[in-house]
Amino acid sequence: MQSVTTHALRRDFGHLRAVDDLDLDLPSGGVIALVGPNGSGKSTLIRMILGLIRPTSGEATVLGRSIHDPSQYAADVGALIESPAFVPALSARKNLLSLSRLRRLPDTRVDEVLETVGLTGRDEEAVKRFSLGMKQRLGIAAALLPDPQLLILDEPTNGLDPAGIVEIRGLLRQLADEGRTVVVSSHLLSELEAISDYIVVIRFGEVMFSGPMSALLAQTQAHIDLACEHPNDAPQLRSALSSQGWTVQNTPTGLRVKASAQAGAQLNRAAADAGITLNAISFAQDSLEDIFLAMTGDSDADLAQDRAQVVAR
Amino acid sequence: MIGVIRSELLRLTRPRLLITWFALMGLFALMINSVMFSTASSQAQMPATGPGVMFPDAATLAGAGGAFAGLSAAASMFGVVTLSFWAIAVATDYSTGLVRLLVSAQPHRWKLLAGKTVALAMLTALATTVAMIVSVAAAWPSASASGISTDLWGTDLVAQAGSAWLNAYLSMLVWGVAGVVLAVVTRSSAVAISIGVGYVLVVESVLREMLDSASWLLGTTINALAAGGTSDLSYSTALGLSVVYVVIGLVIATVVVNRRDVTD
């Protein structure tokens, strides 16, 4: 069974189409990365899955049950949506107790999730005294309360220090290894690359890619970065290499040539033939970030401009 | 439903919130008794149904229910306090974003609204009791200082206390529901309270001046309910109208809560 399926799922906000006839099949189990630029429709999709907003049209199921009746699956889904939301004057424990009672869970469940996220000992403090990282941990604890089959986390490592990020990464992996489906929406692509089994890339409310992370990373291209001893030589080297059929682009530190590692010596000779001395030759593979930028555009500003054009059309 | 109520009670029983609420109720009870008895004894001209107050005469204060007259006299003041705290309790869920967690945990949104209303009604019973205790405690010295007889105050004490408490409580519930409706619609406690206070102090007074027979207006109806009926509006009519207002208010709030996207 798929954890989440959508068919022609659409959501309009006035003239703006946030989710556009989305067809999606998310597998059960494992960590699923949900990525896309700001305003791409990720949050709208998550809110529809959780029953916070209703679709304009289309169908979707969560754990095999229709999103038109979220009460059918609410007990099996936990979520951290955007920033963690709690009553600031109440302690962490009372905030969690309030949520566990809402779900008719035993009070002992609160102790379990506090221990899981490492907040035992700080649980009697008022949430208003918590750092952003501690609030984030508390948000994850709240999401874990129902011992969910499907866990949806929006920017779970936001505000955490490096040690906290590693810890939460381990926790998410552990939760997935226990058989849960963990959907993570984040802008920290390197984090997602490290822990995700499956990835969905969304832009303008449409799926750009949906499949195993390994399949996406297989699309990566190798390249060689060249740095000239004298930076002023870069344009001359670029034209020399281009004339030999290499695909070359400028980088802040020199040139990037689409080529495998074996081509290093060949490029070095070409530079020498052009009378240019290279300072460095380094081989690299595109990262998830490179692929993401290639798929979705360069920046949020570009995206906003593109989106304005789409809406205008 | 029980789970929702228990959850709400845990969040609402914050010491600072309750102390502020109950202290304001007690303060208004104290103030109204002091002013009410001195006004009655000096036979000063006060508006019979001015904004926020409804003073009885000296004869009524000397009657069997005189010790509890402060509760009905300050019905609108207690009402505004109640409206404010109910509105804060509802709007805070939106302003903190907590509503996202609540709705994803309990998708039957009407249950969230009903649970909060029941929890607030339970706390309002406590607030009414606090107001009554302070009001009665202040009535004796105020009556003594104003030269108003208290000889009949012990007569039929339980029935008098019971009906005064019940009428005050029912009137506060109607104000509270008004606070819920305003908070649900505006999603802002400040805006909701401003509208509520503005209505009590300004709008209803203006409407009373404009309309020939305006005893059915919300504030007038609730005042009549708190007073156990007035010359303009009998108790049963006030009770019936109050039920209509409450039902209309809860239907509006439920429809808005059910239909609106949770984007906060």
Side-chain angles (χ1 to χ4, degrees), chain A residues 11 13 18 43-44 46-56 62 65 67-75 77-91 93-105 107 110 126-128 138-139 142-143 145-146 148 150 152 154, chain B residues 1-21 85 88-120 122-123 183 187 189 255-264:
Chain A
R11 175 62 207 225
F13 292 103
S43 293
T44 305
I46 288 174
R47 284 168 189 269
M48 283 195 283
I49 289 171
L50 294 172
L52 301 180
I53 63 177
R54 294 178 179 84
T56 304
V62 176
R65 285 153 275 182
I67 62 164
H68 295 293
D69 186 3
S71 64
Q72 294 290 315
Y73 55 81
V77 178
L80 167 64
I81 316 148
E82 294 177 5
S83 55
F86 296 102
V87 180
L90 282 184
S91 68
R93 170 174 292 279
K94 282 193 172 174
N95 268 292
L96 290 179
L97 271 175
S98 154
L99 293 170
S100 78
R101 287 177 184 177
L102 181 63
R103 289 181 177 270
R104 310 292 300 267
L105 300 169
D107 290 353
V110 170
V127 170
K128 65 184 172 191
L138 189 60
L145 268 175
L150 174 62
I152 300 173
D154 195 359
Chain B
M1 190 64 180
I2 298 293
V4 181
I5 296 169
R6 290 182 70 215
S7 168
E8 288 293 342
L9 280 175
L10 190 61
R11 284 201 305 280
L12 290 170
T13 49
R14 307 197 290 276
R16 186 176 290 182
L17 181 79
L18 292 186
I19 288 170
T20 309
W21 185 358
F85 279 91
I88 289 168
V90 173
T92 302
D93 288 350
Y94 289 97
S95 62
T96 58
L98 190 63
V99 67
R100 297 194 300 262
L101 276 178
L102 300 178
V103 173
S104 59
Q106 175 50 271
H108 290 131
R109 301 178 189 189
W110 68 268
K111 284 189 180 176
L112 292 174
L113 184 67
K116 188 176 282 291
T117 304
V118 171
L120 283 166
M122 292 165 79
L123 295 178
R187 287 181 286 185
S189 52
V255 169
V256 172
V257 163
N258 274 337
R259 294 180 67 91
R260 188 161 57 195
D261 291 334
V262 178
T263 54
D264 298 270

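The sequence lines fix the lettering, A, B, ..., with proteins before strands; numbering per chain opens at 1.
- Residues Arg100(B) and Arg47(A) have side chains in contact (heavy-atom distance under 4.5 Å, counting atoms from C-beta outward).
- Between Thr92(B) and Val87(A), every side-chain heavy-atom pair lies at or beyond the 4.5 Å cut-off.
- With a threshold of 4.5 angstrom between heavy atoms, Tyr73(A) does not approach chain B through any atom at all.
- For Arg65(A), the salt bridge (Lys or Arg N to Asp or Glu O under 4.0 Å) partners two or more places apart in sequence, or in a different chain, are Asp76(A).
- Between Val103(B) and Gly51(A), the closest heavy-atom pair is CG1-O, 4.2 Å.
- Identified by a heavy-atom distance below 4.5 Å to chain A, the contributing residues of residues 108-117 of chain B are His108(B), Arg109(B), Leu112(B), in residue-number order.
- If you take OG on Ser104(B) and CG on Leu52(A), they are separated by 6.0 Å, rounding to the nearest 0.5 Å.
- Closest of all the heavy-atom pairs between Ala85(A) and Thr96(B) is CB-O, 3.1 Å.
- Heavy-atom pairs under 4.5 Å with chain B peak, among Gly78(A), Pro84(A), Pro70(A), Pro146(A), at Pro70(A).
- Side chain of Arg54(A) to main chain of Asp261(B): no donor-acceptor pair is present (N/O by atom type, distance under 3.5 Å, no hydrogens or angles).
- Taken to the nearest 0.5 Å, the CZ atom of Arg6(B) stands 10.5 Å off from the OG atom of Ser98(A).
- Considering only residues two or more places apart in sequence or on other chains, Ala74(A) meets the side chain to side chain contact (heavy atoms under 4.5 Å, CB included) condition with Pro107(B).
- Atom OG of Ser7(B) and atom CZ of Arg104(A) lie 11.5 Å apart (nearest 0.5 Å).
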Could you pull out all donor-acceptor pairs under 3.5 Å where a side-chain atom in residues 12-19 of chain B meets a protein atom, sequence neighbours excluded?
residue	atom	partner	partner atom	Å
Thr13(B)	OG1	Leu9(B)	O	2.7
Arg14(B)	NH1	Arg11(B)	O	2.7

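- Put simply, of Leu99(A), Leu90(A), Asn95(A), the one with the most heavy-atom pairs under 4.5 Å next to chain B is Leu90(A).
- For Met1(B), the CE atom sits in a packed shell: over 12 heavy atoms of surrounding residues, nucleotides or ligands are nearer than 6.0 Å.
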